[in-house]
There are 2 protein chains.
Amino acid sequence: MSQRRPTAQDVAKRAGASRSAVSMVMNGNADGNVAPDMQERIRSAAAELEYTPNPIASGLRRQRSQMIGIVTDEAASSPFAGRMLAGASKAASERGYLTVIADAGAPNADPSSFIDELRRRRVDGLLLATQRLRTVDVPDGLRLQPGILANCRDRLDSFPSIIPDEIRGGREAAEHLIGLGHRRIAWVGGDDDVDAAPARIAGLQAALASAGLPGAELHAGEWDISDGYRGAERIFERPTDQWPDAIFCACDRVAVGVLLYAGAHGISVPGDVSVMGYDDQRHLADATVPGITTMSLPHEAMGREAARRVIDELEGAPTDEAATTLLQCPLVARASTAPRTSRAA
Amino acid sequence: MSQRRPTAQDVAKRAGASRSAVSMVMNGNADGNVAPDMQERIRSAAAELEYTPNPIASGLRRQRSQMIGIVTDEAASSPFAGRMLAGASKAASERGYLTVIADAGAPNADPSSFIDELRRRRVDGLLLATQRLRTVDVPDGLRLQPGILANCRDRLDSFPSIIPDEIRGGREAAEHLIGLGHRRIAWVGGDDDVDAAPARIAGLQAALASAGLPGAELHAGEWDISDGYRGAERIFERPTDQWPDAIFCACDRVAVGVLLYAGAHGISVPGDVSVMGYDDQRHLADATVPGITTMSLPHEAMGREAARRVIDELEGAPTDEAATTLLQCPLVARASTAPRTSRAA
DNA sequence: TTGAAAGCGCTAACAG
DNA sequence: CTGTTAGCGCTTTCAA
């Protein structure tokens, strides 16, 4: 099956060079050390032999595995985590690192043992990524080599992390609504068990305040479709003149619930009321009728940035960056929001 | 940050033993080679020093990386792949292997370059896993070390693979329905672009035939919610006495479409008609009202089995197993199916 | 500019 | 039963 792979020695022999010359050429350190024509001969010998340097041997020598580990609380079942992992893998791979993923499998599992396992494997750097935005206690193992938090923040705010700028997201979502002429905005869903809800609400209220509008009425609840449905129920059972112009939902699932209620009760979205989601959840925000206008959680960018920063750190790049990096949530305009029309009472 | 890690040498010195003794103890080859009390001293020295063998060094020596690679066409965005990856990772980890995942990111991406990349990293074995059941051409790289297909099969049927037994699944689903007293069963959704649909239909027809019932009427279509909705529309627009007793949907999303149509038109499920799904898609089959009775795709088991077989092979275990292994799809009974009631016309 | 030599930390064969 | 030895394939100093 796997015939013996060629080594640098084989390449050297074929090219009439020394092993060290081969090494230098393969690592791009040859200029100024190996004659140009010799470089060329080495390169073609390597190509003919289909030689690829053995990363295990080089890892042993330079005390580097060229792997970065990602431990996550729930990658497997999540509609989001994939984007974060993909972003991190791609960024790492572009810099010559392989990502290895350890999935704790449950939202509240203790990541320490997975961090230890990855450290045993000698990963060069470590990301701790959570499925939902959370505050965490940084496990000790994370401090023993370059590490970073993705989509979660240190309870003590002393460990580097990459998280979405939820306050700004809430504000920009509200500004979008206000820009469409809406004045009365209601919030539905999203209790404060999760860090995101208070931040989004804060942004919303700030935007209303700067526009000189009254604060939003809050219909807090959970994060699911049924919570959106119930929230809409409470809102639309009132007389029409007490309806809000727009509903800002804690997340896209809640928005689906609002849409379902509206559909079942002859309320037009966005004709009678605009509906705004949050998260840009795949196969959901883009799959409803109307499609949900929403704020996109920058999962891919978080993965990418986290990988970049860890690799920068372990390669000794200047690390003058702030501990916590906030990433913007871009607005994704779809059909569930529209300019305000004066409603027939 | 990362202070120097202890080596086997350090442990040997502390225990007053030789490096090889330490190695044997750490690898469980000590009995009969190292005196019991010495083993004990080595073990406690290792514990005190928090020594863990360097897998890079041992990998170099034994020409093994203890990693198995998984290349997949769409892990990131899939609601299923996670379970397969989790199954494989867990099984591999229990045998001392780390899984590394390369996600091609698109359903039709060519996996060859990802296989090559993982081979460059010297993975000991390789799984090629697809998101949907498919027939594939085995990339050359897969043959150069132990490898296996998961959720896809070789076009030539000569390379080992683990796939769900869709025919049996279709049959057992139909038997469940027939057992409830249903006699007229309609199939909705699932064209034959994907290998699963014809197999499920074949199982369905076989079950009907052995029960002496007429064949199912087929409303082929795609795999989405809207296809289920349209299929239901065609079925229920006919006079009541032409309605089937049960609808076997190509997948859970299609079943959701049927449920939506029924809900919007006052048709009771399972009172008027039973609805059967397939896939057991998380957050879907279990989240509707009523919950969807469905056949569970054995993703976790496929991952587990695939990892097991690859590791068996590379560890030289007897490989007398058939090339293609079929795994059962267990029935998950929920509330969308019920015994037949004589319907009021 | 080149090549020889010294390991990285570990395992496995072999001699004591 | 124990300890010594010879590398695995690579990188990186250092002397020529």
Side-chain angles (χ1 to χ4, degrees), chain A residues 2-42 45-46 49-67 96 119-124 315, chain B residues 2-42 45-46 49-67 96 119-122 124 315-316:
Chain A
S2 55
Q3 69 289 52
R4 190 179 146 288
R5 275 171 166 277
T7 71
Q9 184 69 274
D10 301 323
V11 177
K13 197 181 305 168
R14 187 183 188 98
S18 69
R19 306 214 302 303
S20 38
V22 174
S23 169
M24 286 174 153
V25 170
M26 298 307 292
N27 292 297
N29 301 336
D31 284 353
N33 291 314
V34 178
D37 61 323
M38 177 50 82
Q39 293 192 32
E40 196 37 55
R41 280 165 55 206
I42 289 175
L49 261 23
E50 296 188 352
Y51 167 73
T52 60
N54 184 329
I56 300 185
S58 88
L60 177 60
R61 176 61 227 235
R62 30 160 71 122
Q63 299 289 72
R64 281 282 182 79
S65 61
Q66 297 290 113
M67 301 194 298
R119 280 180 38 76
R120 213 165 286 139
R121 285 290 190 155
R122 306 301 197 267
V123 294
D124 297 332
E315 290 186 347
Chain B
S2 55
Q3 70 289 51
R4 188 179 149 287
R5 273 169 169 279
T7 73
Q9 186 68 273
D10 300 324
V11 177
K13 198 181 303 169
R14 187 182 188 100
S18 68
R19 305 216 304 306
S20 39
V22 174
S23 169
M24 288 176 151
V25 169
M26 298 309 289
N27 292 298
N29 302 336
D31 284 352
N33 291 313
V34 179
D37 61 321
M38 179 47 84
Q39 292 192 32
E40 196 35 57
R41 281 168 50 208
I42 289 175
L49 261 24
E50 296 188 356
Y51 167 73
T52 61
N54 184 330
I56 300 185
S58 90
L60 178 59
R61 176 62 228 233
R62 33 160 67 125
Q63 299 289 72
R64 281 284 181 78
S65 61
Q66 298 289 114
M67 301 194 298
R119 280 179 40 75
R120 212 165 287 141
R121 284 290 189 155
R122 306 300 196 267
D124 297 332
E315 290 187 347

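So that the names make sense, note that chain A is the first sequence line, chain B the second, and so on, each numbered from 1. This is a predicted model, so every value here is computed, not measured.
The interatomic distance linking Arg64(A) (CZ) with dC10(D) (C1') rounds to 15 Å, in whole Å. Gln9(A) has its CD atom 9 Å from the P atom of dC10(D), to the nearest Å. Taking atom CG on Asn27(A) and atom C1' on dT12(D), their separation rounds to 11 Å, with Å as the unit. A straight line from CD1 of Ile42(A) to C1' of dT11(D) spans 14 Å, rounded to a whole angstrom. Computed from coordinates, the Arg122(B) CZ to dG9(D) C1' distance equals 9 Å when rounded to whole Å. To the nearest angstrom, P of dC1(D) lies 10 Å from CD of Gln39(B). Protein atom CG of Asn33(A) is 13 Å distant from nucleotide atom C1' of dT11(D), rounded to whole Å.
For Thr52(A) and Ala21(B), each mapped to the nucleotide of DNA chain D holding its nearest heavy atom, the one lying further toward the 5' end belongs to Ala21(B).
Between Asp10(B) and Arg14(B), every side-chain heavy-atom pair lies at or beyond the 4.5 Å cut-off. When side chains are defined from C-beta on, Arg5(A) counts as touching Thr52(A), because their heavy atoms get closer than 4.5 Å. Here the side chains of Ile56(A) and Arg61(B) are not in contact, with every heavy-atom distance at 4.5 Å or above. By the 4.5 Å heavy-atom criterion applied to side chains, Arg122(B) and Pro55(A) are counted as neighbours. For the pair Val22(A)/Gln9(A), no side-chain contact is recorded, criterion being any heavy-atom separation below 4.5 Å from C-beta on.
Counting any heavy atom pair closer than 4.0 Å across all strands shown, Val34(A) reaches sugar-phosphate atoms only and no base atom. Within the 4.0 angstrom heavy-atom criterion, base atoms lie near Ser20(A).
Listed pair Gln63(B) / dG9(D) meets the phosphate criterion, a side-chain N or O lying under 4.0 Å from OP1 or OP2.
In 5' to 3' order, the nucleotides of DNA chain C bounding all contacts with chain B (an atom under 4.0 Å from a heavy atom) are dG9(C) to dA12(C).
For the atom pair Ile42(B) CD1 and Ser23(B) OG, the distance stands at 10.0 Å (nearest 0.5 Å). Residue Asn33(B) holds its CG atom at 13.5 Å from CE of Met38(B), rounded to the nearest 0.5 Å.
At a cut-off of 3.5 angstrom, counting only N and O atoms as typed in the model, there is no donor on one side facing an acceptor on the other between the side-chain of Ser23(A) and the base of dT12(D).
Of the residues in residues 54-61 of chain B, those with a non-hydrogen atom less than 4.0 angstrom from any atom of DNA chain C are Asn54(B), Ala57(B), Ser58(B), Arg61(B).
Using modelled atom types, no side-chain atom of Arg19(A) and backbone atom of Ala8(A) make a donor-acceptor pair closer than 3.5 Å.
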**OP:** Start with the C-alpha gap between Asn54(A) and Thr7(A), add the side-chain angles, then the distance that decides, and say whether side-chain contact (heavy atoms from CB on, under 4.5 Å) holds.
**Re:** CA-CA 8 Å; Asn54(A) 184 329; Thr7(A) 71; over 6 Å; no
